[in-house]
Amino acid sequence: MMLFSMEFPLGREIMTTVRLTAGGLGSLAGLDIDASEDLKVCVTESLLLLLHSGCSRAKVTFEQADGMCVTLLGEGGDGFAEKTVEEEISAALLGALVEGLTMEHGEGSSRISFVFKGL
Amino acid sequence: MEERELFAQYRKSKDRELRNRIVEQYLYIASMIAKKFVGRGVEYDDLFQIASLALIKGVDRFDETKGIKFATFITPTIAGEIKNYFRDRSRLIHLPRRISELRQSVKRTADEFLSANGRNPTAAEIAKIIGVPEEDVVSAMECSVVSLDRPADEDGMSYYDLIPAPDSFDELEQRDAVGRALACLDEEERELVSFRFGQELSQTETAKRMGVSQMYISRMERKILEKLRGTLRKSVAD
């Protein structure tokens, strides 16, 4: 079972690096090209949601179990309460591509988790 | 006008002009989602077109009384249409169009023949029905797209591993290995290899020369290739 995590300052300049990592991990987990691309989209949209909610750091964990379980933890920010259209779209897109999507905001941190099965 | 009000008015009037206005107002959603799926071998313009069509259909299906925003409603619809498009159309590796169409035609003809006659047709029978050379039918039946990363054997070697690097020393060595592998074949098998890979004759022509059916050649060829592959693999391992 693969477990991989990374932590980084959250900014648009880091997105490509994270996307490439997500794609690579998807490939290692046996996802086909299209599914790996979808996983990249899901991770990007989640990070954008964290970024828009004001998070300044993020920790992303990928765990290969029944599908790829992804957890994104953002530090800081004020939660997902007021959504712009962009955020509405990100959340709806995530909802369409993954299973078990949860978005929570606690004290000083936001958390998004989902299971990507590549269907 | 508020989103809710706009859709309520459209649901009531079904006015085409109003629908067009709504579509134009939300076209940016189609654009945003299309952009998220670029870089997979399909142009943005094509993706935008698919997304826009999904948007038009979605406007008719949206029920503003359900309490969700249009963006939330339409996003999965657009993403679904784009994913369907990828699934159906955008393969990274394409078979040549002629072969791809012929394959479909061969498959359809074989199915129809089976249900009409209760047995599978021969390549010659399919060729006669479709009106193409028998050789083309055989090629179409045998061709497929495989990933270079796919395991080529039980040892886990991929097709990529089996592709030789262009190196003259390797070439000499391989020629030697192939020569030794060919020695393992019986006379009839060597004759087939000579016709097919030496003189590059078609399977049909080889069958004629050897006085057997084309299907026999096809089966034998597959058997020979397996035999050669096994021998070569063993010699590489040694």
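Naming convention: chains lettered A, B, ... in sequence-line order (proteins, then strands); numbering from 1 in each chain.
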Count the heavy atoms of every other residue, nucleotide or ligand shown that sit under 6.0 Å from [atom1] of [X], and state whether that count exceeds 12.
X: Q49(B); atom1: CD; answer: no
X: K59(A); atom1: NZ; answer: no
X: R119(B); atom1: CZ; answer: yes
X: K14(B); atom1: NZ; answer: yes

Checklist line | residues 18-34 of chain B: residues contacting chain A (heavy atom under 4.5 Å, by number) | finding: Y28(B), I29(B), M32(B), I33(B)

Notebook entry, point to check: From K36(B) NZ over to L97(A) CG, what is the distance, rounded to the nearest 0.5 angstrom?
Noted result: 11.0 Å

Notebook entry, point to check: CG of D34(A) to NZ of K83(B): how many Å apart, nearest 0.5 Å?
Noted result: 6.5 Å

Side-chain donor/acceptor pairs under 3.5 Å, residues 88-96 of chain A, sequence neighbours excluded:
from: E88(A); atom 1: OE1; to: T72(B); atom 2: OG1; distance (Å): 2.5
from: E88(A); atom 1: OE2; to: K69(B); atom 2: NZ; distance (Å): 3.2
from: S90(A); atom 1: OG; to: E45(A); atom 2: OE1; distance (Å): 2.6
from: S90(A); atom 1: OG; to: E86(A); atom 2: O; distance (Å): 3.2

